[in-house]
Amino acid sequence: MQPRILRLNQAGQPIEWLDWQEAVCLFARELVVWTLGDVVKKVHGGNSRHTGEQSRMVLPSIVACTGEQLARPQTRHPLSNSALFARDGYLCMYCARPFDSNALTRDHIVPTSRGGEDRWENVVAACRRCNQHKADRLLNELNMQLVALPFRPNNAEYLALINSRRILGDQMEFLRSQFSRNSRLL
């Protein structure tokens, strides 16, 4: 499995994950303004008609790109179970026990049947037992408590969550520097 490359805007804000082919295109279009991190791939191209030399490109793990306008980090990230479970550290937020992702469920703190929304601030990872026990009731009706409060991840946190199994050490170090101060991902 090929490592992905972290794309930043010119100001150093994380934007997205790229595969190596997308990174090659950015370099070829001369949109990369600075780089960081270790080399993740060396790409060899064709031979030059003029010199006979084979073209080569070295791809680092982090690239900052320019464009007509400064790319802005996303603020509304899609909510998925895999990112939610990673955000909550694969722990049930009620009993605090660790679980594999296939044993976790998404629980709405304020149930949707009672007007709760399906958004980051209203959902937590829960084991099946705790989720079934809570059902469509509020926490105070059951005298249940959360182990940790849910939060909406910032862009750096979200990028770490969605690529957590393939992220490189230098990329994680860069992203961690931009995590919110109270992040549980630190």
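Side-chain polar atoms of Glu53 and Ser48 form no donor-acceptor pair below 3.5 angstrom. In this model, a donor atom of one side chain and an acceptor atom of the other lie less than 3.5 Å apart for Asn131 and Thr105. Between the side chains of Glu157 and Ser180, at least one donor N or O lies within less than 3.5 Å of an accepting N or O.
With a 4.5 Å cut-off on side-chain heavy atoms, Pro14 and Leu175 count as touching. Side-chain contact check for Val124 versus Arg87: some heavy-atom pair is nearer than 4.5 Å. Taking 4.5 Å as the limit, some side-chain heavy atom of Leu161 sits within range of a side-chain heavy atom of Pro153. Looking at heavy atoms from C-beta onward, Lys134 lies in side-chain contact with Met144 at the 4.5 angstrom threshold. At a threshold of 4.5 Å between non-hydrogen side-chain atoms, the residues Asp118 and Arg106 count as touching. No side-chain heavy atom of Ile5 sits under 4.5 Å from any side-chain heavy atom of Trp17. Between Val63 and Leu6, the closest side-chain pair of non-hydrogen atoms is not below 4.5 Å. By the 4.5 Å heavy-atom criterion applied to side chains, Arg7 and Cys65 are counted as neighbours.
With hydrogens and angles disregarded, a donor-acceptor distance shorter than 3.5 Å links the side chain of Asn154 to the backbone of Gln178. Remark: side-chain polar atoms of Asp100 are not paired, donor with acceptor, to backbone N or O of Asn102 under 3.5 angstrom.
Between His77 and Tyr158, the angle of the ring planes stays under 30°, which puts this pair in the parallel group of the 30/60° scheme.
Residue-environment remark: CZ (Arg129) stays at or below the threshold of 12 foreign heavy atoms within 6.0 Å.
Under the 4.0 Å criterion applied to side-chain N and carboxylate O atoms, Asp19 and Arg4 are not assigned as salt-bridge partners.
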Could you walk me through whether Arg114 and Glu141 pass the salt bridge (charged side-chain N to carboxylate O under 4.0 Å, His left out) check? CA-CA 13 Å; Arg114 295 177 135 189; Glu141 294 172 351; 2.8 Å; yes
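In this structure, OG on Ser80 lies 9.0 Å from CZ on Phe85, to the nearest 0.5 angstrom. Distance check: His108 NE2 to Leu138 CG gives 13.5 Å after rounding to the nearest 0.5 Å.
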